[in-house]
S.K.: 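The following block contains the structure, expressed as structure tokens.
This is a predicted model, so every value here is computed, not measured. Atom set for the values below is all heavy atoms of this structure, side chains included, hydrogens, waters and symmetry mates excluded.
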Amino acid sequence: MNRFTGKTVFITGASRGIGKAIGLKLAAEGANVVIAAKTAEPHPKLPGTIYTAAKEIEEVGGKALPLVVDIRHEEILQAAIDKAVDTFGGIDILINNASAINLSPTEHVSMKRYDLMHAVNARGTFMTTKLCLPHLKKGNNPHILNLSPPLNMDPKWFGNHVAYTMAKYGMSMCVLGHAEEFKDYGIGVNALWPRTTIDTAAVRNLLGGAELAEQSRTPAIIADSAAYILNRNSKECTGNFFIDDEVLAAEGISNLDQYAVNLEKELMPDFFI
């Protein structure tokens with residue numbers, strides 16, 4: 001079943017992890033995938049580049065356009081969007097996946113790191129959405145999906161890492177606002193977040209290493225959930241803060257063993273859940 005044949009998907013931060021997994025899933029179902037990410041050269045600690053991701057996408061049957069993009073810079077981002085439209089004829093789906101993370105308490109967060117998180121997470125998501133909007137208005141069942149958590153003002157989600165929470169909630173506030181602003185255009189705007197930690201480079205390198213990765217699910221659960229959301233009627237499916245296992249449950253999928261990194265390990269709940 002090729003649900004996304006002929007559709008063009010613009011994914012930020014798609015050279016690895018969740019962004020790449022979503023790209024592979026949609027490509028396997030016929031999508032053209034624009035890989036908008038910074039990694040052009042191999043990184044000593046991070047697997048994959050935009051070019052290796054493009055190769056994988058083409059191997060599963062999709063068409064890939066790898067572009068070096070730092071979403072903090074408007075001219076670079078606009079050029080990438082223009083290239084995507086010139087190459088594939090438009091943009092039907094935007095995945096705001098690129099994100100920067102630092103879970104330090106206030107006194108240990110440098111302002112450089114604070115600025116990076118807000119520039120990538122909140123501002124980058126807003127700007128990518130803004131610049132893709134003219135094309136999404138003309139898209140086929142157009143969707144925007146932000147990889148961001150449900151909005152919850154419980155202080156426990158702020159107290160340990162207020163800088164990161166503010167930046168990440170900025171992405172979620174874009175969902176809240178843009179779903180309302182874009183409803184007359186028929187553009188679905190939603191958020192997706194995992195129930196558990198996901199085995200990504202951030203988990204392995206920044207948060208808990210191999211031990212936490214063993215307590216996680218694979219990025220495939222996010223990719224499968226995203227595909228179900230993006231296949232829904234964009235005029236009806238908007239303004240939601242989806243959790244991955246709830247999306248799958250709605251599709252009749254309750255056994256999630258296939259997504260576990262290690263079935264013998266107890267799963268670790270993700271942040272904000």
Side-chain angles (χ1 to χ4, degrees), residues 11-20 35-50 53 67-77 80 95-131 146-177 191-194 196-213 215-216 219 222 268-273:
I11 309 178
T12 65
S15 58
R16 62 179 66 89
I18 290 170
K20 186 182 79 170
I35 304 162
K38 293 194 300 180
T39 308
E41 300 294 332
H43 190 283
K45 292 185 178 181
L46 301 174
T49 68
I50 59 172
L67 298 172
V68 178
V69 178
D70 184 334
I71 62 169
R72 293 175 293 175
H73 302 294
E74 184 173 2
E75 290 183 1
I76 293 172
L77 180 57
I95 310 290
N96 284 308
N97 168 72
S99 187
I101 182 171
N102 186 295
L103 299 178
S104 300
T106 297
E107 63 182 330
H108 297 300
V109 177
S110 70
M111 293 314 298
K112 181 178 180 181
R113 176 58 60 174
Y114 177 96
D115 289 344
L116 174 66
M117 287 193 287
H118 283 262
V120 173
N121 300 0
R123 184 179 183 274
T125 292
F126 181 91
M127 183 163 65
T128 306
T129 299
K130 169 185 167 65
L131 298 183
N146 293 358
L147 274 296
S148 64
L151 288 167
N152 185 334
M153 293 297 109
D154 189 322
K156 70 180 181 180
W157 301 127
F158 291 83
N160 293 328
H161 39 71
V162 64
Y164 176 65
T165 299
M166 289 169 65
K168 207 64 188 171
Y169 274 20
M171 297 176 69
S172 300
M173 290 172 72
C174 283
V175 171
L176 193 67
L192 176 60
W193 197 247
T196 71
T197 53
I198 301 295
D199 182 13
T200 61
V203 165
R204 289 182 175 268
N205 295 331
L206 299 175
L207 303 182
E211 183 176 348
L212 182 55
Q215 295 178 269
S216 303
I222 298 291
M268 179 67 70
D270 207 298
F271 302 109
F272 308 114
I273 298 296

S.K.: Please report the interatomic distance OG(S15) to CD1(I50), rounded to the nearest 0.5 Å.
M.R.: 8.0 Å

S.K.: Taking T125 for the side chain and N96 for the main chain, is one N or O donor matched with an acceptor at less than 3.5 Å?
M.R.: no

S.K.: Got V120 and I71 here, is their nearest side-chain heavy-atom distance under 4.5 Å?
M.R.: yes

S.K.: Go through it in stages, so that I can follow the logic: the residues are L103 and N160, the test is side chain to side chain contact (heavy atoms under 4.5 Å, CB included), and I'd like the CA-CA distance, side-chain angles, deciding distance and then a yes or no.
M.R.: CA-CA 7 Å; L103 299 178; N160 293 328; over 6 Å; no

S.K.: For T39 versus E41, what's the shortest heavy-atom pair and its separation?
M.R.: CG2-O, 3.2 Å

S.K.: Please name all residues satisfying side chain to side chain donor-acceptor pair (under 3.5 Å) with R123, sequence neighbours left out, ordered by chain then number.
M.R.: none

S.K.: Could you tell me whether the side chain of Y169 and the main chain of A122 form a donor-acceptor pair under 3.5 Å?
M.R.: no

S.K.: Between S216 and I198, is any pair of side-chain heavy atoms under 4.5 Å apart?
M.R.: no

S.K.: Quick one: OG1 on T128 to CG on N97, what's the gap to the nearest 0.5 Å?
M.R.: 11.0 Å

S.K.: If you count every heavy atom of other residues, nucleotides or ligands that lies below 6.0 Å from F158 atom CZ, does the total exceed 12?
M.R.: yes

S.K.: Which value, rounded to the nearest 0.5 Å, describes the distance between I273 atom CD1 and W193 atom CH2?
M.R.: 8.0 Å

S.K.: Return the OG1 to NZ distance between T49 and K38, rounded to the nearest 0.5 Å.
M.R.: 14.5 Å

S.K.: Test of understanding: with salt bridge (charged side-chain N to carboxylate O under 4.0 Å, His left out), list the residues that count as partners of K20, not counting sequence neighbours.
M.R.: E56

S.K.: At what distance, to the nearest 0.5 angstrom, does CD1 of I222 lie from CG of L192?
M.R.: 4.5 Å

S.K.: Which pair of non-hydrogen atoms, one from G13 and one from A98, has the smallest distance, and what is that distance?
M.R.: N-CB, 3.9 Å

S.K.: Shortest non-hydrogen contact from M171 to L147?
M.R.: CE-O, 3.7 Å

S.K.: What's the shortest heavy-atom distance between A100 and N121, and which atoms?
M.R.: N-OD1, 2.7 Å

S.K.: Between S148 (side chain only) and A191 (backbone N and O only), is there a donor and an acceptor less than 3.5 Å apart?
M.R.: no

S.K.: Main chain of A119, side chain of R72: is a donor-acceptor contact present, judged purely on distance under 3.5 Å?
M.R.: no

S.K.: As an exercise, state the distance from NZ of K168 to CG of N146, rounded to the nearest 0.5 Å.
M.R.: 8.5 Å

S.K.: Could you label the plane-to-plane angle of the F271 and H161 rings as parallel, tilted or perpendicular, counting under 30° as parallel and over 60° as perpendicular?
M.R.: perpendicular

S.K.: For the residue pair M117 and A163, what are the closest heavy atoms and their distance?
M.R.: CE-CB, 3.8 Å

S.K.: Does the N102 side chain pair with the main chain of Y164, one donor and one acceptor, at a distance under 3.5 Å?
M.R.: no

S.K.: Tell me, do L151 and M173 make a side-chain contact under 4.5 Å, heavy atoms counted?
M.R.: yes

S.K.: Going by side chain to side chain donor-acceptor pair (under 3.5 Å), name the residues that satisfy it together with D199, two or more places apart in sequence or in a different chain.
M.R.: R204

S.K.: Measuring only between side-chain heavy atoms, which start at C-beta, is T196 closer than 4.5 Å to D270?
M.R.: no

